[in-house]
Amino acid sequence: MERFILKKSSRTGIRISVRRAITGILSAFLLSGAILFPLQKIDVVQAGEEVSVTSESVILMEMESGTVIAKKDEDKARPIASVTKIMTLLLILEAVDSGKIKLTDTVTVSEYAASMGGSQVFLEPGETQDVETMIKCISISSANDACVAMAEHLAGSEQAFVEKMNARAKELGMNHTTFHNCCGLDVSGHVSSAKDVALMSAELMRKHPSVKKYTTTWMDTIIHTTRRGSSEFGLANTNKLLKQYNGITGLKTGSTDEAKYCLSATAERNGVQLVAVVLAAPDTKTRFREAAALLDYGFAKCSAYRDDGADFPLTEIKIEKGVKSMVSVQLKEPFYHVFTGGEDLSAIEREVELPEVVSAPLKKGDVVGEYRYSLNGKTLGSVEIVCVEEVKEMTFGASLLKCRDLFLRQKEIN
């Protein structure tokens, strides 16, 4: 339903060694096992209005609007292990998408990067890989060595990169986060919260959807080329929900003795994008099971309304004191709202609020009104109506020229 209200207003607008061979064999064995013995599908979990979880901190968030659907100790600062790599990936993808670096750029592995323990792909000092391969290693195999190599490539040192991580966290409103490394190894004071993880997960998935190419890859290979020659190494994704959950798009697992078992799981169905963060789960099965339960709960409750402005009824409005009598207008951006109560979206009302006339001068992008959305008398939000062209103010000289043109046109008609 639409209502159009004209109100007087003055507003006019104003992101190998032997152990390598053994690891490659083990990866291949595990991957073949996964193929021969598929993981069991997780059933939909919907228990009335509640989802029961045993993990210490969780949150379920709709990514585009930031609506929180379920939570438990979501602001508790705690270790997050390799879930840290979400921020590392965010900074890498921001650098790629901004043109600062290219996927084909060569990255040289330092002695320090190659020395990283924990999860790794056994990069060797002096070995080179391109940026895209490094992203694969981080996204699929959670490689600490690849993380540090990329941190050094982008910022000169891991510490300088960590400073960028913390600065970005502040920009995103991650108020319970402090990073001390780029890969998530246990270090005193290296903490985040379920809500903060959800915020950086949403930023990565929404602003840099190309990451899904890597976060949804179940297995892949890379080629190690060193002085001893070339060898293939298998990558196996640590996110088991890729084989278990319909609509999964990522994102990152993590586990250490201090952090226990963690997961940021992202998924999309019917235009709704959700992120379920599970921190400090007691075991690996629990983190996947509870993340899936949260996502099921969210998809059962959520419906999305989106208006891209295709049906916006106005194309131009009146203007005074301008070299033109009308100015073209449009909605500044699409409108999006997520509902969690089974609302009837066909009952959404839209109304235009505009002044009767706007005054020149006007610049392209100047705000001249609002397009408001409501449901059952409750305001949902609004989108600004903006000028799509510049209109200069009518000067005395321009006015004389306009009068002359009108006179000559009238004379021709007569």
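Here, residue 1 is the first one in the sequence, and each next residue gets the next number.
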Counting only N and O atoms by type, is there a donor-acceptor contact under 3.5 Å from the side chain of [X] to the main-chain atoms of [Y]?
{"X": "Glu132", "Y": "Lys102", "value": "no"}
{"X": "Asn144", "Y": "Met116", "value": "no"}
{"X": "Arg269", "Y": "Asn246", "value": "yes"}
{"X": "Glu268", "Y": "Thr249", "value": "no"}
{"X": "Asp145", "Y": "Val121", "value": "yes"}

Hits for side chain to side chain donor-acceptor pair (under 3.5 Å) against Thr216, two or more places apart or cross-chain, chain-then-number order -> none
Inset, instruction - Tell me, please, which residues at least two apart from Tyr336 pass side chain to side chain donor-acceptor pair (under 3.5 Å). - result: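 With neighbours one apart ignored, the set is Glu62.
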Next on the checklist: Is there a side-chain contact (heavy atoms from CB on, under 4.5 Å) between Val278 and Leu294? Walk through the geometry before answering.
Outcome noted: CA-CA 9 Å; Val278 174; Leu294 286 164; 4.2 Å; yes
Within this structure, what is the [atom1]-[atom2] distance for the pair [X] and [Y], rounded to the nearest 0.5 Å?
{"X": "Phe288", "Y": "Thr284", "atom1": "CZ", "atom2": "OG1", "value": "4.5 Å"}
{"X": "Lys85", "Y": "Ile80", "atom1": "NZ", "atom2": "CD1", "value": "10.0 Å"}
{"X": "Ser57", "Y": "Lys260", "atom1": "OG", "atom2": "NZ", "value": "10.0 Å"}
{"X": "Phe339", "Y": "Leu345", "atom1": "CZ", "atom2": "CG", "value": "5.5 Å"}
{"X": "Glu349", "Y": "Leu380", "atom1": "CD", "atom2": "CG", "value": "10.0 Å"}
{"X": "Tyr371", "Y": "Ser382", "atom1": "OH", "atom2": "OG", "value": "12.0 Å"}

More than 12 non-hydrogen atoms from neighbouring residues, nucleotides or ligands closer than 6.0 Å to [atom1] on [X], yes or no?
{"X": "Lys76", "atom1": "NZ", "value": "no"}
{"X": "Lys212", "atom1": "NZ", "value": "yes"}
{"X": "Glu171", "atom1": "CD", "value": "yes"}

Distance alone, cut at 3.5 Å: any donor-acceptor contact between the side chains of [X] and [Y]?
{"X": "Ser142", "Y": "Thr238", "answer": "no"}
{"X": "Ser210", "Y": "Lys213", "answer": "no"}
{"X": "Glu389", "Y": "Ser328", "answer": "yes"}
{"X": "His224", "Y": "Glu124", "answer": "no"}
{"X": "Ser139", "Y": "Thr215", "answer": "no"}
{"X": "Glu343", "Y": "Ser303", "answer": "no"}

What is the minimum heavy-atom distance between [X] and [Y], and which atoms define it?
{"X": "Val386", "Y": "Gly365", "value": "CG1-O, 3.7 Å"}
{"X": "Ala276", "Y": "Ala291", "value": "CB-O, 3.8 Å"}
{"X": "Glu290", "Y": "Ser55", "value": "OE1-OG, 2.6 Å"}
{"X": "Val58", "Y": "Ala194", "value": "C-CB, 4.0 Å"}
{"X": "Leu279", "Y": "Ser193", "value": "CD1-C, 3.7 Å"}
{"X": "Ser201", "Y": "Val275", "value": "CB-CG2, 3.9 Å"}

Side-chain contact, heavy-atom cut-off 4.5 Å: [X] with [Y]?
{"X": "Met165", "Y": "Thr177", "result": "no"}
{"X": "Ile59", "Y": "Val68", "result": "yes"}
{"X": "Cys182", "Y": "Val148", "result": "yes"}
{"X": "Val51", "Y": "Asp296", "result": "no"}
{"X": "Arg287", "Y": "Ser255", "result": "yes"}
{"X": "Asn181", "Y": "Glu158", "result": "yes"}
{"X": "Glu316", "Y": "Val327", "result": "no"}
{"X": "Thr88", "Y": "Lys252", "result": "no"}

- Message: Under the criterion side-chain contact (heavy atoms from CB on, under 4.5 Å), I'd like the reasoning laid out for Val368 against Cys387: C-alpha separation, chi angles, the key distance, then a yes or no.
- Response: CA-CA 7 Å; Val368 294; Cys387 299; 3.6 Å; yes
Angle between ring planes, His337 versus Phe335, binned at 30° and 60°: parallel, tilted or perpendicular? parallel
NZ/NE/NH1/NH2 to OD/OE distance under 4.0 Å, Asp73 and Arg78
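Arg78 and Asp73: not salt-bridged.
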Apply side-chain contact (heavy atoms from CB on, under 4.5 Å) to Ile385 and Ile317, showing your working.
-> CA-CA 11 Å; Ile385 302 171; Ile317 60 174; over 6 Å; no
Run Asp307 and Arg350 through salt bridge (Lys or Arg N to Asp or Glu O under 4.0 Å) and show every step you take.
CA-CA 10 Å; Asp307 183 5; Arg350 298 173 290 183; 3.3 Å; yes
If a pair satisfies ring-ring contact (aromatic ring centres under 6.0 Å, His included) and one of its residues is in residues 148-188, list it, with sequence neighbours excluded.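 Qualifying pairs, neighbours excluded: Phe179-His190.
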Intermediate values then yes/no, side-chain contact (heavy atoms from CB on, under 4.5 Å), Leu185 and Thr256
CA-CA 8 Å; Leu185 291 173; Thr256 63; 5.9 Å; no
